[in-house]
Peer 1: 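Provided herewith is a single structure, encoded as structure tokens, for subsequent inquiry.
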Amino acid sequence: MYGHTRSRQGIEPSLVAFAVPCHSCIIAPAIGSVGSKGTIGRPGIPMKGAVVTDVANPEAETGSQRSVDALSAERRSKRDSLRDKGIDPYPSRFDRSHTNAELRKRHGDLPADARTGEIVQVAGRITSVRGHGKLVFATLQDVSGSIQLLIPVSNLCEAGAAVLDKSDLGDWVGATGEVIVSKRGELSVELTELQLLSKALRPLPDKWHGLSEAEMRYRQREVDLLANEDTRRVFGIRFKVVSAMRDVLVAEDFLEVETPILQLQAGGAIARPFVTHANALNIDLSLRIAPELYLKRLVIGGFERVFEIGRNFRNEGVDTRHSPEFTALEAYRAFGDYTDGMGLTERLVVAAARVATERMTFTTAGGPVDLTPPWPRQELLGLIEEAAGRRLHPSDPVDDVRSACRDLGVEFEDPWGSGRLIFEIYDKVLLPNMLGPVFVCGFPVEVSPLARHQLTDETLTDRFELVVDAKEYANGYSELNIPEEQEARFRGASAAAAMGDLEAHPSDMAFVRALEYGLPPTSGIGIGVDRLVMLLAEVDAIRDVILFPMLRPESQG
RNA sequence: GCGCCUCUAGCUCAAUGGCAGAGCAACGGACUCUUAAUCCGCAGGUUCCGGGUUCGAAUCCCGGGGGGCGCACCA
């Protein structure tokens with residue numbers, strides 16, 4: 001929008017090349033008055049000759065380093081030769097009139113050889129050049145997409161021609177020209193001016209194959225992003241997913257809050273935390289494994305609807321579905337129960353899919369998944385009955401449930417009670433075969449230390465999990481708000497921990513004290529954002545939806 | 001943590017015990033409608049690191065490192 005008023009400037013296109021000096025030419029004397037002499041020795045600016053210094057450092061040299069240096073030195077010397085002509089290779093700003101996508105939207109349906117008479121200023125990175133002597137084609141990529149630059153070299157002033165002559169793939173440039181369509185029908189900007197905005201000193205990956213080695217894609221994500229269109233697609237989806245869900249929550253009067261990441265005791269889930277140290281207080285702290293307990297304290301404080309989208313940290317295994325730091329959305333809503341949680345979860349996921357992909361059907365390893373609501377809601381014990389051929393219940397004697405586990409080939413450990421064993425059957429037998437989307441409801445109290453028990457059955461909770469393609473995407477429940485019961489569950493867990501169960505939820509007496517001020521009936525949900533993005537972007541590694549995934553230090557060779 | 005696979009030019013990949021190669025990128029040149037432009041020419045290597053076997057190792061063996069996948073834990 002900001003471009004429309006400045007795009008024409010009342011100049012006849014045919015006159016532009018001859019009558020109007022380009023920006024570079026205007027800039028040139030200003031810099032030239034300081035002169036290349038004047039810029040030499042300016043602090044912080046790499047100068048001509050720096051190449052020599054770099055290459056002359058024998059200690060830093062390896063064979064491949066020499067090769068990089070050769071390509072890089074070539075680019076440095078091009079940049080420096082522009083400086084010698086009085087052209088600033090790092091100008092401070094550029095007035096873009098349109099993004100490439102805006103131009104396509106305005107002029108995308110013109111026939112071949114059309115001219116618009118509209119002068120525009122575009123900016124981006126050069127990703128491809130096709131030279132024909134006095135006519136050069138280049139592809140300019142900006143955040144919105146690509147557009148072709150059609151460059152009659154004779155149109156350019158001396159400075160512009162120099163910039164073109166010394167250009168490399170990867171350079172950022174700003175360009176001025178008329179929007180036209182080439183004879184072969186490609187929407188183009190026919191340049192009258194070309195300005196270097198920033199020089200790329202390192203060579204780009206293969207322009208056709210891109211960057212494929214996973215390690216470098218993760219370590220140097222910026223290169224992955226600039227070289228691989230699909231990577232830009234995936235993260236575009238990610239950003240839209242997060243903002244779509246935020247929009248839904250804000251529209252439903254939830255407040256976005258921030259709670260501690262550094263915690264005295266990591267609670268709200270069962271996981272091994274990362275531990276760090278606060279020098280000022282001389283205490284060890286854990287990085288949070290979930291924001292749950294703090295968010296409920298905010299509901300107790302009177303913020304009736306709160307949510308947080310943030311990073312959780314779990315010091316556990318790393319694989320295609322688990323990252324040590326991952327993003328979760330948690331939302332808590334006073335006066336609701338777990339059925340409200342299911343409704344909210346459904347609205348959030350559907351909005352994310354609609355905004356980010358404009359689709360509802362997605363390909364997964366297990367087959368196509370249709371997210372069109374409403375999603376079925378099924379009772380865990382009913383599903384178990386179908387799979388095991390017999391009714392199991394958390395109140396059943398442990399030995400009975402153990403024998404069911406043996407029949408189903410489910411391994412178990414001694415401290416586990418009937419509830420945990422039933423959950424294990426679900427996790428190992430049912431879950432791997434579920435395509436979904438489906439809400440599984442009614443989990444045993446034993447595996448749900450923070451969830452309210454059912455009115456009619458004290459061994460089960462009003463809790464759900466959202467399952468898609470054999471994985472848990474969301475989890476939610478009617479929050480346990482009875483202080484004595486919460487304390488008792490914590491104590492039970494502590495006892496289990498004392499008996500060697502590493503998977504017990506730690507007691508948090510500050511949270512129990514908070515509950516004593518009164519938590520209203522509350523519905524809470526948590527959604528794994530990374531996994532949701534994986535589903536919607538149809539990628540199968542969590543690293544591919546995290547910009548900078550955790551890796552070991554780079555090998556020093 | 002265990003098992004399997006992998007690492008060769010800036011990038012993508014060949015070469016399986018016998019002279020380390022191609023495409024793209026770069027460099028020099030031709031070219032006013034290309035879009036993986038084309039054509040001619042030229043250059044580019046510690047084959048991840050260290051040891052061993054061999055007349056000879058990118059290739060086989062041992063050890064180490066990075067990465068990927070699978071199993072276990074976990075969401």
Side-chain angles (χ1 to χ4, degrees), chain A residues 61-75 77-78 112-113 127-140 146-155 168-170 180-188 190 200-220 223-224 227-228 269-272 289-290 312-328 411 413 427-428 431 465-467 471-475 502-503 526-532 534 540-544 549 551-557:
Chain A
E61 273 186 40
T62 65
S64 65
Q65 190 62 46
R66 264 195 299 278
S67 299
V68 178
D69 282 350
L71 295 168
S72 185
E74 186 68 37
R75 288 169 178 244
S77 82
K78 287 179 184 175
D113 231 358
T127 57
S128 168
V129 175
R130 301 168 292 283
H132 286 263
K134 297 185 180 66
L135 182 66
V136 176
F137 297 92
T139 304
L140 184 78
S146 294
I147 201 155
Q148 175 165 276
L149 304 180
L150 188 154
I151 314 172
V153 180
S154 59
N155 275 16
D168 284 297
L169 299 188
I180 64 159
V181 179
S182 74
K183 287 177 185 168
R184 294 294 175 87
E186 179 77 22
L187 185 66
S188 308
E190 188 181 64
L201 296 179
R202 286 177 179 269
L204 257 54
D206 189 290
K207 69 181 176 189
W208 183 245
H209 300 97
L211 187 66
S212 74
E213 190 190 341
E215 179 175 1
M216 199 179 305
R217 288 184 47 233
Y218 300 144
R219 279 195 205 286
Q220 294 183 235
V223 182
D224 184 30
N228 294 333
I270 296 162
R272 293 177 60 192
I289 56 176
N312 293 338
F313 306 86
R314 299 191 183 174
N315 207 343
E316 291 170 345
V318 182
D319 61 30
T320 47
R321 315 213 180 306
H322 300 87
S323 169
E325 49 180 314
F326 64 101
T327 300
E411 294 180 8
E413 295 174 20
D427 206 45
K428 294 294 189 296
L431 192 60
E465 282 193 355
L466 169 63
V467 176
K471 290 184 288 287
E472 180 195 338
Y473 280 76
N475 182 19
L502 297 174
E503 301 174 15
I527 298 177
V529 173
D530 312 275
R531 286 189 175 179
L532 178 57
M534 288 168 66
D540 44 34
I542 196 169
R543 287 184 205 89
D544 288 327
L551 294 175
R552 288 192 170 78
E554 247 174 299
S555 163
Q556 297 302 307

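Since the structure is predicted, the reported quantities are computational estimates derived from the model, not experimental observations. Below, chain A is the first sequence line, B the second, and so on; all start at residue 1.
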Peer 1: A quick test of your reading: do over 12 heavy atoms of other residues, nucleotides or ligands sit less than 6.0 Å from CZ of A:R272?
Peer 2: no
Peer 1: Mind listing the closest non-hydrogen atom pair of A:D540 and A:T320 along with its distance?
Peer 2: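 In this case the closest contact between A:D540 and A:T320 is O-CB, 3.6 Å.
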Peer 1: Using a 4.0 Å heavy-atom cut-off across all strands, classify A:D319 as base, sugar-phosphate, or nothing.
Peer 2: base
Peer 1: Under 4.0 angstrom, heavy atoms only, what part of the nucleic acid is A:L551 near: base, sugar-phosphate, or nothing?
Peer 2: sugar-phosphate
Peer 1: Taking the side chain of A:E316 as its heavy atoms from C-beta onward, which of B:A75, B:C13, B:C24 lies nearest to it?
Peer 2: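 So the nucleotide nearest the side chain must be B:A75.
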Peer 1: Mind checking if A:E472 touches a base, just sugar-phosphate, or nothing, with heavy atoms under 4.0 Å?
Peer 2: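 Sugar-phosphate contact only.
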Peer 1: Please give, in whole Å, the distance from B:U6 C1' to A:E213 CD?
Peer 2: 10 Å
Peer 1: On a whole-Å scale, what distance lies between the C1' atoms belonging to B:G67 and B:A75?
Peer 2: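 Here B:G67 and B:A75 have their C1' atoms 24 Å from each other.
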Peer 1: B:C69, B:A26, B:U12: which one has an atom nearest the side-chain heavy atoms of A:A541?
Peer 2: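 Given the options B:C69, B:A26, B:U12, the side chain of A:A541 is closest to B:C69.
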Peer 1: Sticking with atom C1', work out how far B:A20 lies from B:C13, rounded to a whole angstrom.
Peer 2: 14 Å
Peer 1: Which nucleotide in the set B:C13, B:C27, B:A75 lies at the smallest distance from any side-chain heavy atom of A:R314?
Peer 2: B:A75
Peer 1: When the C1' atoms of B:G68 and B:U54 are compared, how many Å lie between them, rounded to an integer?
Peer 2: 32 Å
Peer 1: Scan A:R543 against the nucleic acid and name what it touches under 4.0 Å (heavy atoms): base, sugar-phosphate only, or nothing.
Peer 2: sugar-phosphate
Peer 1: Taking CD from A:E411 and P from B:C71, how many angstroms apart are they, rounded to a whole number?
Peer 2: 14 Å
Peer 1: Please give, in whole Å, the distance from B:C69 C1' to A:R321 CZ?
Peer 2: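 Atom-to-atom, A:R321 to B:C69, this comes out as 12 Å.
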Peer 1: By nearest nucleotide on RNA chain B, pick out whichever of A:T139 and A:A271 is the more 5' one.
Peer 2: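 Taking each residue's closest nucleotide, the earlier one in sequence belongs to A:T139.
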Peer 1: Base, sugar-phosphate alone, or nothing: which one does A:S188 contact when heavy atoms must sit under 4.0 Å apart?
Peer 2: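 Nothing: the residue A:S188, judged by heavy atoms under 4.0 Å, touches no strand.
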Peer 1: Can you name the closest pair of heavy atoms from A:N312 and A:A328 and give their distance?
Peer 2: ND2-CB, 3.4 Å
Peer 1: Measuring from the side chain of A:L150 (C-beta onward, heavy atoms only), which nucleotide among B:C11, B:G10, B:C33 has the closest atom?
Peer 2: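 Nearest to the side-chain atoms of A:L150, counting from C-beta on, is B:C33.
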Peer 1: Can you tell me which nucleotide in B:C27, B:A25, B:U35 comes closest to the side chain of A:R75?
Peer 2: B:A25
Peer 1: Determine the interatomic distance between P on B:C42 and the same-named atom on B:A22; round to the nearest Å.
Peer 2: 11 Å
Peer 1: Touch check for A:Y473, heavy atoms < 4.0 angstrom, all strands: base, sugar-phosphate only, or nothing?
Peer 2: nothing
Peer 1: What is the minimum heavy-atom distance between A:R531 and A:R321, and which atoms define it?
Peer 2: NH2-O, 3.5 Å
Peer 1: Which residues pass the ring-ring contact (aromatic ring centres under 6.0 Å, His included) test with A:Y473, sequence neighbours left out?
Peer 2: none
Peer 1: Heavy atoms only, 4.0 Å cut-off, all strands: where does A:G185 land among base, sugar-phosphate and nothing?
Peer 2: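 Counting heavy atoms under 4.0 Å across all strands, no contact is made by A:G185.
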Peer 1: What's the closest nucleotide to the A:L71 side chain, out of B:G66, B:A25, B:C11?
Peer 2: B:A25
Peer 1: Taking the minimum atom-to-atom distance to the side chain of A:I542, which one of B:C13, B:G68, B:A75 wins?
Peer 2: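 When the side chain of A:I542 is considered, B:A75 is the closest of B:C13, B:G68, B:A75.
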Peer 1: For A:V318 and for A:K183, find the nucleotide of RNA chain B with the closest heavy atom, then tell me which residue's nucleotide is more 5'.
Peer 2: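 Of the two residues, A:K183 wins.
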Peer 1: In whole Å, measure the gap between the C1' atoms of B:U32 and B:C48 for me.
Peer 2: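 Those two atoms are separated by 48 Å.
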Peer 1: Among B:C24, B:G66, B:A26, which nucleotide has an atom closest to any side-chain atom of A:R552?
Peer 2: B:G66
Peer 1: According to a strict under-4.0 Å criterion, is A:R202 in side-chain N/O contact with OP1 or OP2 of B:A25?
Peer 2: no
Peer 1: Applying side-chain contact (heavy atoms from CB on, under 4.5 Å), name anything that partners A:P324, two or more places apart in sequence or on another chain.
Peer 2: A:F274, A:V318, A:M550
Peer 1: Report the distance from atom CG of A:L149 to atom C1' of B:U35, rounded to the nearest whole Å.
Peer 2: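 Computing the A:L149:CG to B:U35:C1' distance gives 12 Å.
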Peer 1: Given atom CD1 of A:I151 and atom C1' of B:C33, what is their separation to the nearest angstrom?
Peer 2: 13 Å
Peer 1: For B:C27, does either OP1 or OP2 sit under 4.0 Å from a side-chain N or O belonging to A:S77?
Peer 2: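 Indeed not, no polar side-chain atom of A:S77 lies that close.
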Peer 1: For A:L169, run the side-chain contact (heavy atoms from CB on, under 4.5 Å) check against A:T139, A:L204, A:T127 and tell me which one passes.
Peer 2: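 For A:L169, the side-chain contact (heavy atoms from CB on, under 4.5 Å) test succeeds with only one of A:T139, A:L204, A:T127, which is A:L204.
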Peer 1: Heavy atoms from C-beta onward define the side chain here; which of B:C11, B:C69, B:U35 lies closest to that of A:R130?
Peer 2: B:U35
Peer 1: Any idea which heavy atoms bring A:L150 and A:L135 closest together, and the distance?
Peer 2: CD2-CD1, 3.5 Å
Peer 1: Reading RNA chain B 5' to 3', how would its secondary structure be written in dot-bracket notation, given Watson-Crick and G-U pairs with both distances under 3.5 Å, brackets [ ] for crossing pairs and | for partners on other strands?
Peer 2: (((((((..((((....[..))))..((((.......))))......(((((..]....))))))))))))....
Peer 1: Identify the heavy atoms of A:L211 and A:M216 that sit nearest to each other, and give their distance.
Peer 2: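 Result for this residue pair: CD1-SD, 3.8 Å.
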Peer 1: In whole Å, measure the gap between the C1' atoms of B:G65 and B:A25 for me.
Peer 2: 29 Å
Peer 1: Using a heavy-atom cut-off of 4.0 Å across all strands, would you classify A:G528 as base, sugar-phosphate, or nothing?
Peer 2: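 A:G528: no heavy atom of the nucleic acid under 4.0 Å.
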Peer 1: How close or far is atom P of B:C31 from atom NE2 of A:H132, stated in whole angstroms?
Peer 2: 12 Å
Peer 1: Can you measure A:Q220 atom CD to B:G67 atom C1' for me and round it to whole angstrom units?
Peer 2: 14 Å
Peer 1: OP1 or OP2 of B:A26 less than 4.0 angstrom from a side-chain nitrogen or oxygen of A:K78, does that happen here?
Peer 2: no
Peer 1: Between A:F313 (CZ) and B:A75 (P), how many Å, whole number?
Peer 2: 17 Å
Peer 1: With rounding to the closest Å, how many angstrom separate the P atoms on B:U38 and B:U46?
Peer 2: 29 Å
Peer 1: With rounding to the closest Å, how many angstrom separate the P atoms on B:C24 and B:C60?
Peer 2: 30 Å
Peer 1: Between A:T320 and B:G70, does any side-chain N or O lie under 4.0 Å from OP1 or OP2?
Peer 2: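 A:T320 to B:G70 OP1/OP2: side-chain N or O found under 4.0 Å.
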Peer 1: Look at the side chain of A:E74 and decide which nucleotide, out of B:A75, B:C27, B:C11, has an atom nearest to it.
Peer 2: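 Among B:A75, B:C27, B:C11, the one nearest the side chain of A:E74 is B:C27.
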Peer 1: Count the heavy atoms belonging to other residues, nucleotides or ligands that lie under 6.0 Å from CG of A:N315, then report whether that count exceeds 12.
Peer 2: yes
Peer 1: Between A:K78 and A:D168, which heavy-atom pair has the shortest distance, and what is it?
Peer 2: NZ-OD1, 2.6 Å
